[in-house]
Amino acid sequence: MTSFTVVKKGEEIKFDSAFTDVNEVRNYLRQEMSYNNFAMDLVEKKKVSATQIAWMHYLATQDVIDSQTPVEFGPYKQLVNKMYDTMTAKKFQVRLPGMTLSTVNKGANIGCVYVFENNNYVGKITSTGDLKGNASEDVLNMLEDANDNLLQLAKIYGHQTGTCSICARTLSDPLSVQMGIGPVCAKRLG
Ligand SMILES: [Zn+2]
């Protein structure tokens with residue numbers, strides 16, 4: 001195993017490379033990190049300095065380590081998945097008793113779910129299912145319920161307000177009133 005040192009943000013990082021030679025590193029970076037412009041610039045250089053070789057080893061070795069580290073999911077991963085599975089082209093909103101959840105369709109927070117308590121933003125659930133923000137005890141309890149059974153909460157909202165949790169239409173036909181949600185929207189959440 002070969003050791004290298006890179007200087008990252010003024011800090012010296014010494015590490016053992018997961019690769020035996022620089023060609024192996026180049027192949028790995030081309031295959032696995034073509035999205036990384038910095039890595040690709042290094043790979044395509046005709047002549048590379050010792051510092052640049054060390055950086056290639058570093059990027060590739062870090063990527064190997066990252067891919068072997070299991071991602072820890074937060075408590076609301078199921079809810080985030082459900083929201084995004086249900087989303088079609090536009091962003092997807094669910095109104096629940098005292099709380100609204102919304103997917104995000106642009107910017108850095110794509111993949112997160114925004115949480116609103118009585119129309120005030122109180123936090124976001126990250127794509128890995130962790131809540132960031134200052135949610136009240138009520139919201140925390142409701143998020144737990146929503147994580148387990150979003151459809152059930154949507155129906156409760158429908159019964160309380162007489163409108164559909166998803167499309168906001170007035171629940172008028174007897175079946176929808178009984179269900180607490182329109183049949184098309186129920187299928188989306190089901
Ligand atoms: Zn509806």
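For ligands, and for the atoms within them, numbers begin at 1 and follow the listed sequence. On a predicted model such as this, the values are computed, not experimentally measured, just so you know. Along the sequence shown, residues carry numbers from 1.
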What distance do [X] atom [atom1] and [Y] atom [atom2] have between them, rounded to the nearest 0.5 Å?
X	Y	atom1	atom2	value
Leu143	Leu150	CG	CG	10.5 Å
Glu24	Ser17	CD	OG	8.0 Å
Ser165	Lys155	OG	NZ	11.5 Å

Please tabulate, for the side chains in residues 3-14, all donor-acceptor contacts under 3.5 angstrom to protein atoms that are two or more places apart in sequence or on a different chain.
unit_1, atom_1, unit_2, atom_2, d
Ser3, OG, Asp16, OD1, 2.6
Lys8, NZ, Tyr58, OH, 3.3

Short of 2.8 Å from the Zn ion (ligand 1), name each protein N/O/S atom, waters not counted.
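Listed by chain and number, the nearby protein N, O or S atoms are Cys164 SG, Cys167 SG, Cys185 SG.
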Can I get a per-line list of side-chain donor-acceptor pairs under 3.5 Å for residues 64-74, giving both atom names and the distance, sequence neighbours left out?
unit_1, atom_1, unit_2, atom_2, d
Ser67, OG, Asp63, O, 3.3
Ser67, OG, Val64, O, 2.8
Thr69, OG1, Ile65, O, 2.7

I'd like to check the side-chain contact (heavy atoms from CB on, under 4.5 Å) partners of Val80; sequence neighbours left out, ordered by chain and number.
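Listed in chain order: Tyr84, Val113, Ile125.
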